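All remarks here apply to the structure that follows.
None of these values were measured; they are calculated from a predicted model.
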Amino acid sequence: MAPLEHKTAVVTGASSGIGAAVAHTLAEAGARVAVGARRVDRLEDRGGLFALDLDVTDRESCERFVERAVAELGRLDILVNNAGLSLGRDPFWEGSDEDEATVIQTNVLGLMRMTRLCLPHIKDGGHIVNIGSIAGRQAYENAAVYVASKFAVRGFTYALREDLLGRPIHLTTVDPGLVESGFSRVRFRGDTEKAKQVYERVDPLQPEDIAECVLFVVTRPRHVNVDELVVKALAQSSPTRIIREEQ
């Protein structure tokens, strides 16, 4: 029997990158998965995947998504809060209110909102996985708002773990390092050359690597809770210390 047969899952930010890889991995393991993103046209709706539009910064969109996901799946076993982004690599004082609001509303408030809405539907033995970042463990320059958002995710995860203690719901933060995805393209506002440089001369993690980590934590025995899982490329020891191959 597949490890997640008869299980259901919700994955946010699932149109590409880590979210898409997690959704596919959970579906391949037997789960039926409701996938959400703002660009619903980029979501796959086949093979155990149910595509629904979702903007985690919009309360009504979140409420509508959860209602439709529960109606489609019948129950919720796993929630993967993956939706997140960063905008810019500039000193804090060169940022803007608009960018700060977008990052905090997406990475923090959206994650909290989706957790609050899904919790009443998560069955005993269920699992919430928050996709954090090593940026939530060690600060680095020119990324103050993103770093703050990921520290908040880590803090929220541990605080929620205290609130859930005694209830049979698992909770994990998975904190990746350098992952080759569309993250840098968004951070650099569509500048593909700058985004490409982030991954040059290094063997970065791939979204599938993180998806396998998620699958690992959600398939542990019922009495086991993996509080946190930190994963980096072998060539990376901190957010900014990366050994690159010589040209």
Side-chain angles (χ1 to χ4, degrees), residues 1-14 18-37 47-52 54 56 59 61-84 108-132 136 152-176 210-231:
M1 185 173 71
L4 294 180
E5 191 171 349
H6 307 307
K7 299 290 186 179
T8 64
V10 161
V11 181
T12 70
I18 292 173
V22 169
H24 281 283
T25 297
L26 297 182
E28 289 169 1
R32 292 183 299 123
V33 186
V35 291
L49 301 176
F50 303 90
L52 304 170
L54 172 65
V56 298
R59 179 177 57 84
S61 175
C62 293
E63 291 174 345
R64 184 170 58 249
F65 173 89
V66 173
E67 181 179 354
R68 293 171 64 193
V70 172
E72 189 73 56
L73 301 175
R75 56 182 286 164
L76 295 184
D77 295 297
I78 299 166
L79 166 63
V80 181
N81 283 310
N82 168 74
V108 183
L109 300 181
L111 178 147
M112 294 169 70
R113 179 181 295 114
M114 285 299 297
T115 301
R116 183 183 299 111
L117 291 171
C118 288
L119 257 175
H121 305 286
I122 296 177
K123 301 301 181 182
D124 288 357
H127 207 130
I128 300 170
V129 179
N130 293 330
I131 303 298
V153 168
R154 188 165 177 243
F156 171 72
T157 302
Y158 274 92
L160 182 60
R161 178 93 163 87
E162 296 294 336
D163 287 356
L164 288 174
L165 195 63
R167 295 181 60 184
I169 296 177
H170 304 80
L171 180 61
T172 303
T173 176
V174 175
D175 295 345
I210 310 307
E212 290 180 9
C213 292
V214 173
L215 181 62
F216 171 80
V217 301
V218 301
T219 53
R220 295 309 87 205
R222 187 183 175 97
H223 69 285
V224 174
N225 190 85
V226 180
D227 282 5
E228 59 181 35
L229 196 158
V230 184
V231 55

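To the nearest 0.5 Å, atoms OG1 (Thr8) and NZ (Lys123) are separated by 9.0 Å. Leu79 contributes atom CG, which lies 5.5 Å from atom OG1 of Thr115 (distance to the nearest 0.5 angstrom). Rounding to the nearest 0.5 Å places NZ of Lys7 at 7.5 Å from CD1 of Ile78.
Between the side chain of Arg32 and the main chain of Leu49, no donor-acceptor pair closer than 3.5 Å is present. Of the possible donor and acceptor atoms, none in the side chain of His170 sits under 3.5 Å from a partner among the backbone N and O of Val218. Checking side-chain atoms of Asn82 against main-chain N and O of Thr12 turns up a donor-acceptor pair under 3.5 Å. Here the side chain of Thr25 pairs no donor or acceptor atom with the backbone of Glu212 at under 3.5 angstrom.
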Candidate pair Arg154 and Asp175, rule side chain to side chain contact (heavy atoms under 4.5 Å, CB included), full reasoning: CA-CA 9 Å; Arg154 188 165 177 243; Asp175 295 345; 4.2 Å; yes
Ile131 and Val80: CA distance, side-chain angles, deciding distance, side chain to side chain contact (heavy atoms under 4.5 Å, CB included) verdict: CA-CA 7 Å; Ile131 303 298; Val80 181; 4.1 Å; yes
CA sep, side-chain torsions, deciding dist, call: Leu117, Glu63, side chain to side chain contact (heavy atoms under 4.5 Å, CB included): CA-CA 7 Å; Leu117 291 171; Glu63 291 174 345; 4.0 Å; yes
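Under a cutoff of 6.0 Å and an axis angle of 45°, Arg220 and Phe216 form a cation-pi pair.
Annotation: side chain of Thr173 is not in contact with side chain of Val129 (no heavy-atom distance under 4.5 Å).
Enclosure of atom CD in Glu67 is not indicated, since only 12 or fewer non-hydrogen atoms of other residues, nucleotides or ligands lie within 6.0 angstrom.
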